[in-house]
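Quick notes on the structure that follows.
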Amino acid sequence: MAEQLLAFDPADADLRNNLASALNALGVVRLAAARLEEAAAAYARSVAVRELLVRDAPTNVTYRRSLMVSYGNVADVLGARTGENLGDVAGATAALEKATALARATAAEDAADRRARFDVVNALLRLGALLGDYSAAPATALGPLLEADGLNATLLAEEPASDRYGYMQIVIDRRVGRVLATIGRPAEAAPRFERVRVRAQALRSGP
């Protein structure tokens, strides 16, 4: 239906965006049904539509954020998703690098936009997690993970009571600790895991 509507007015940005959303939703249900190659195809088509939207309206933050999310979906089905994926780590890495670049661009435009800064943290964390779990050189994960660590620490310092940033710090510390332990640096990993234990215990009494 979205394709039929778009055929009436191929230049209509709202109709193109509707098609991208429909394709993305199709990817979600195909992935849930373990139809990985079909999910990847739907996600790829969604990305293609959203790339054109961003090309034609480069200052539209909503379009850019949607494209960032779509790159993340592509990465999941290619190789970043725990469990079933297509085993394409290189393709997943490339998609997450594109998502990270978009997140950085948006955050750079408005230093006060905490959501945009948190998007950068998320993108870097996902890239680092992928490299740490599947790369032949897990030490390469430390770059994006430590950058995410620094950015999230700043957000947490600005809003110390935030459970969102606090929980993200747990995830980042755990990831960094795992990489450090994997590459033979247990003395550096141990304090990270201790921070996880202390912070996670504190969050258990919250929402």
Taking only Lys NZ, Arg NE, NH1 and NH2, and the carboxylate oxygens of Asp or Glu, determine whether E109 and R104 approach each other closer than 4.0 Å.
no

Under a side-chain separation threshold of 4.5 Å, the hydrophobic residues clustered together with L96 are V89, L127, L130, L131, Y134

Nearest heavy-atom pair of L78 and N85: which atoms, and what distance?
O-OD1, 3.8 Å

Residues passing the side chain to side chain contact (heavy atoms under 4.5 Å, CB included) test with V28, sequence neighbours excluded, are N24, Y43

Whether R126 and E97 form a salt bridge (side-chain N of Lys/Arg under 4.0 Å from carboxylate O of Asp/Glu) is what I want to check.
no

Search all heavy atoms of G177 against all heavy atoms of A189 and return the closest pair with its distance.
O-CB, 3.4 Å

Closest approach of A202 to S205 (non-hydrogen atoms, all atoms of both residues):
O-OG, 3.0 Å

Taking NZ, NE, NH1 and NH2 as the nitrogens, is one of them in R192 or D149 under 4.0 Å from a carboxylate oxygen of the other?
yes

Quick check: does any side chain N or O of R16 sit under 3.5 Å from a backbone N or O of L6, one acting as donor and the other as acceptor?
no

Grab the two heavy atoms, one from A39 and one from V77, that are nearest each other, plus how far apart they are.
CB-CG2, 4.1 Å

If you link I, L, V, M, F, W and Y whenever their side-chain heavy atoms are under 4.5 Å apart, who else ends up in the same group as L125?
F118, V120, V121, L124, L142, L145, L146, L151, L155, L156, Y165, Y167, M168, I170, V171, I172, V176, V179, L180, I183, V196, L203

Is any side-chain heavy atom of N18 less than 4.5 Å from a side-chain heavy atom of L5?
no

Please find the pair of heavy atoms, one from A141 and one from G132, that lie closest to each other, and give the distance.
CB-N, 3.4 Å

Heavy atoms of G79 and A92 approach each other most closely as N-CB, 3.7 Å

Tell me, please, which residues at least two apart from R114 pass side-chain hydrogen bond (donor to acceptor under 3.5 Å, both in side chains).
E158, E159

For Y71 and R50, what are the C-alpha separation, side-chain angles and deciding distance, and is it a side-chain contact (heavy atoms from CB on, under 4.5 Å)?
CA-CA 10 Å; Y71 282 138; R50 285 178 168 161; over 6 Å; no

Residues 79-93 vs salt bridge (charged side-chain N to carboxylate O under 4.0 Å, His left out), sequence neighbours excluded, gives none

Do D110 and R117 sit within salt-bridge range, that is, some charged N less than 4.0 Å from a carboxylate O?
no

Applying side chain to side chain contact (heavy atoms under 4.5 Å, CB included), can you list everything that pairs with R35, at least two apart in sequence or on another chain?
R30, A33, E38

Might you work through the side-chain contact (heavy atoms from CB on, under 4.5 Å) test for T106 and R65, ending with a clear yes or no?
CA-CA 8 Å; T106 301; R65 192 168 194 274; over 6 Å; no

Are Q4 and L15 side-chain neighbours, meaning at least one heavy-atom pair lies under 4.5 Å?
no

Before accepting this row, confirm whether a basic side-chain N of the pair R199/E194 lies closer than 4.0 Å to the acidic partner's carboxylate O.
no

Begin with the C-alpha distance, continue with both residues' side-chain angles, and end with the deciding distance and a verdict on side chain to side chain donor-acceptor pair (under 3.5 Å) for Y63 and E51.
CA-CA 9 Å; Y63 288 166; E51 284 177 337; over 6 Å; no

